[in-house]
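Hydrogens, waters and symmetry mates play no part in the numbers below; they use all other heavy atoms, side chains included.
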Amino acid sequence: MWLAAALLLILALHGVLRLIISKTSSGEWHKTYLYTLPVRVWHWLNALCFILLLVSGIAMHFTQGELATWADLHNITGLTLCAVWLLFIVVNLLGNGHHYVVKLNGLPGRLLRQTRYYLFGIFRREAHPEHPSAQSKFNPLQQLGYIGVMYLLVPLLIITGLLMLYPENTPDRVFGLPGKQLVAYTHYLLAAVSLLFLLVHLYLCTTGDSLAALLKGMIDGYHRHKSNNGKSQ
């Protein structure tokens with residue numbers, strides 16, 4: 001919770017600086033259809049599962065009321081997340097997967113440029129280092145982050161969650177430690193990382209050419225950006 005509070009403070013300060021320093025950009029809006037209906041359906045189902053799991057998980061630890069209600073919600077949502085993650089794999093196998101293939105050539109430089117943009121360039125309305133396109137929807141920081149979340153964090157969340165739901169399948173000892181305890185602590189740690197990721201993800205949704213541009217794109221499928229004198233911002 002302290003980490004989440006510290007991260008919220010950092011994001012809030014970053015947002016306030018954006019509002020104070022940045023000038024209102026001018027230019028013509030352009031729209032590119034990038035997010036297909038299956039991708040958008042998966043995205044919102046995944047987001048809903050994340051939020052319900054976090055809320056019900058926290059409630060189970062701190063609630064003074066009926067624990068069974070929160071436990072049932074958590075278990076049902078967890079099983080739903082299993083299906084949603086399988087949908088993610090299917091959607092990627094059907095053509096969306098190339099956006100998660102990392103181009104190693106020039107990667108350190110691209111990561112440095114993207115980091116500099118978020119730390120400094122965004123305050124001065126500098127041109128975005130990499131605009132989403134049909135070939136690559138993600139900048140390198142997003143790409144590595146989403147790969148880590150969807151191909152590592154979520155599968156581990158699902159595995160540890162299923163082992164907690166069906167504890168009879170948990171080994172008595174794992175790496176010489178009590179199996180159930182290790183699984184539980186791992187699940188809690190992954191949940192904490194998920195919360196931090198969600199906070200950053202929600203904030204980054206406001207970093208388009210308008211506060212709502214990126215959010216609108218995940219609703220209707222069109223990525224929106226402005227150009228000024230023929231140059232993309």
Under 6.0 Å between ring centres: does that hold for [X] and [Y]?
X: Y151; Y: F88; result: yes
X: Y146; Y: Y100; result: no
X: Y222; Y: Y35; result: no

Between [X] and [Y], is there a donor-acceptor pair closer than 3.5 Å when you use the side chain of the first and the backbone of the second?
X: W44; Y: M218; result: yes
X: H223; Y: G217; result: no
X: T77; Y: H74; result: no
X: H98; Y: G95; result: yes

Taking [Y] as the starting point, is it possible to reach [X] by hopping between hydrophobic residues whose side chains are less than 4.5 Å apart?
X: V41; Y: V91; answer: yes
X: L48; Y: I76; answer: no
X: V149; Y: L111; answer: yes
X: V183; Y: L162; answer: no
X: L144; Y: Y117; answer: yes

Rounded distance [0.5 Å steps], [atom1] in [X] versus [atom2] in [Y]:
X: N46; Y: W85; atom1: CG; atom2: CH2; value: 11.5 Å
X: N75; Y: L165; atom1: CG; atom2: CG; value: 4.5 Å
X: H187; Y: T160; atom1: NE2; atom2: OG1; value: 5.0 Å
X: L163; Y: I158; atom1: CG; atom2: CD1; value: 12.0 Å
X: L11; Y: L202; atom1: CG; atom2: CG; value: 9.5 Å
X: L182; Y: T186; atom1: CG; atom2: OG1; value: 4.5 Å

Just checking N105: does its CG atom have more than 12 heavy atoms from other residues, nucleotides or ligands closer to it than 6.0 angstrom?
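12 or below, so no.
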Which atom pair, heavy atoms only, marks the closest approach of [X] to [Y]?
X: K137; Y: V39; value: NZ-CG1, 4.0 Å
X: L199; Y: A4; value: CD1-O, 4.0 Å
X: V174; Y: G179; value: CG2-CA, 3.9 Å
X: C205; Y: L214; value: O-CB, 3.5 Å
X: P129; Y: R113; value: CG-O, 3.8 Å
X: P140; Y: L107; value: CB-CD1, 4.0 Å

Between N139 and Y118, is a side-chain contact (heavy atoms from CB on, under 4.5 Å) present by the stated rule, with each step listed?
CA-CA 12 Å; N139 66 54; Y118 282 135; 3.1 Å; yes
All salt bridge (charged side-chain N to carboxylate O under 4.0 Å, His left out) counterparts of R124, not counting sequence neighbours:
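Result, salt bridge (charged side-chain N to carboxylate O under 4.0 Å, His left out) vs R124: E126.
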pair [X]-[Y]: side-chain heavy atoms closer than 4.5 Å:
X: H30; Y: K226; answer: no
X: Q114; Y: H128; answer: yes
X: D209; Y: R224; answer: no

Looking at R110 and E130, is there a salt bridge between them, counting it only when a charged N and a carboxylate O are closer than 4.0 Å?
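Salt bridge present between E130 and R110.
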Does either side chain, that of H14 or that of Y203, offer a donor lying less than 3.5 Å from an acceptor on the other one?
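Y203 and H14 do have a side-chain donor-acceptor pair below 3.5 Å.
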Can you find a side-chain donor-acceptor pair between R18 and T206 that sits under 3.5 Å?
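R18 vs T206: donor-acceptor pair found between side chains.
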Test R40 against I219 for side-chain contact (heavy atoms from CB on, under 4.5 Å), laying out the working first.
CA-CA 7 Å; R40 301 198 312 272; I219 294 175; 6.0 Å; no
Kindly determine whether S133 and T32 satisfy side-chain contact (heavy atoms from CB on, under 4.5 Å), including the steps that lead there.
CA-CA 8 Å; S133 66; T32 306; over 6 Å; no
Tell me whether the rings of H201 and F197 are parallel (<30°), tilted (30 to 60°) or perpendicular (>60°).
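Geometry flag for F197 against H201: parallel rings.
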List the steps, then state whether side-chain contact (heavy atoms from CB on, under 4.5 Å) holds for W42 with V84.
CA-CA 7 Å; W42 161 77; V84 172; 3.6 Å; yes
